[in-house]
Amino acid sequence: MSALEIARTQYRALRLNAIGHNLVDLVARAEAGELSYLDFAHLLAEHELAERASTRIERHRRASGLPTGKYLEGFDYRHQTTISKRQVNTLLDFSFIDNRENIIFIGPPGVGKTHLAIGIGHKAVASGYKVLFRTALDLVEDLELAEMKGELKKRINQLAKFDLLVIDELGYLPMTPQARFNLFQLVNTLYEYRSIILTTNKGFADWGAFFHHDNVAIPIIDRIIHHSNVFMLGGESYRLRQKMPE
Ligand code: ADP
Ligand code: MG
């Protein structure tokens, strides 16, 4: 075996796969740049760390369930004027996640709530956060299934591993008392511990009725709204506008 092959095998054995994989190139860069031994040592470590970070982000992206194709870059603020680009950009330092705050987008159908929630979710993934996107319907089903298996607590703990949970379209379909209770358990676990982005067509005045004013209604609403950034979106449906002749 050549010295190169031996070194590669050794790096792989040490699980430093990125270095092992790119050793020829890294050595060439060191030679071309006349790097000192110390700088070369840095170069190797940096290469491994950078590769691991991007592999991790790619893994988070796949696990996020975030739909592709909806990005903030494609959001048109000339159409949606009830929120500004600046307001959205302010969220992208992700202090809201670090501070365990929530974001709530409220508004009628088609005004871009889901698009914004997904777009922010993608940016959070790119910044290294673990994000999970679920429609409220899927989430409720997911919890219901876990509850039937006697694994509600376990499932909620799995969901609480994500830094940010995007819950899309709460309020469109009614929920059973059990579903409301399960959701309460989730929200209670996440409260002041993880962040939620919620999109809903229901204004706060309608939330009580949506949760049937039962004993979990107020605690759920309380916990979601406390420490939250609320954006009331209005305007015309983007879907309808696209179907209108100019
Ligand atoms: P909502 O969740 O408020 O019902 P969506 O975010 O699903 O609305 O938006 C409906 C459709 O219109 C989606 O395809 C979305 O990408 C698009 N859309 C809505 N608002 C905008 C906007 N301001 N710029 C670009 N696309 C938009
Ligand atoms: Mg939506």
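In listed order, ligands and their atoms are each counted from 1. Since we're looking at a predicted model, the values are computed, not measured. Counting begins at 1 with the first residue of the sequence.
- No donor-acceptor pair under 3.5 Å is formed between the side chain of Gln80 and the backbone N or O of Gly235.
- Without hydrogens or angle criteria, Thr189 side chain to Asn157 main chain gives no donor-acceptor distance under 3.5 Å.
- Residues passing the salt bridge (charged side-chain N to carboxylate O under 4.0 Å, His left out) test with Arg134, sequence neighbours excluded: none.
- Not a single ring pair (Phe, Tyr, Trp, His ring centres under 6.0 Å) links Phe40 to another residue, sequence neighbours left out.
- Counting the atoms of ligand 1 from 1 in the order shown, those under 4.0 Å from a heavy atom of Gln80 are 23 (N).
- Here is the list of ligand 1 atoms found below 4.0 Å of a heavy atom in Arg239: 4 (O), 7 (O), 10 (C), 11 (C).
- Taking the six-membered ring where the residue is Trp, His122 and Tyr71 present tilted rings, their angle falling between 30° and 60°.
- The aromatic ring centroids of Phe75 and Tyr77 lie less than 6.0 Å from each other.
- Taking distance alone, with nitrogen or oxygen atoms compared against 3.5 Å, Glu169 stays at or beyond that limit from ligand 1.
- Considering backbone and side-chain atoms together, Lys113 places an N or O closer than 3.5 Å to an N or O of ligand 1.
- Around the Mg ion (ligand 2), the protein atoms of type N, O or S found under 2.8 Å away are Thr114 OG1, Glu169 OE2, listed by chain and number.
- Both tests hold for Arg223 against Tyr191: distance to the six-membered ring centre under 6.0 Å, angle to the ring axis within 45°.
- Using a 4.0 Å cut-off to heavy atoms of Gly74, the atoms of ligand 1 that qualify are 24 (N), 25 (C).
- Taking any N or O of His115, backbone or side chain, at least one lies under 3.5 Å from an N or O belonging to ligand 1.
- The proximity of Tyr238 to ligand 1, defined as any non-hydrogen pair under 4.0 Å, is limited to the side chain.
- With sequence neighbours excluded, the residues forming a side chain to side chain donor-acceptor pair (under 3.5 Å) with Asp98 are Tyr129, listed by chain and number.
- Under the side-chain contact (heavy atoms from CB on, under 4.5 Å) rule, Leu190 has a single partner from Asn102, Ile196, Ile156, which is Ile196.
- Checked by distance only, ligand 1 and Lys70 come closer than 3.5 Å through their nitrogen or oxygen atoms.
- In this structure, Val111 has a heavy atom closer than 4.0 Å to ligand 1.
- No side-chain donor-acceptor contact under 3.5 Å links Trp207 to the backbone of Ile221.
- For atom 5 (P) of ligand 1, the choice among Pro109, Gly107, Gly112 with the nearest heavy atom turns out to be Gly112.
- Thr135 and Asp168 form no side-chain donor-acceptor contact under 3.5 Å, judged by distance and modelled atom types alone.
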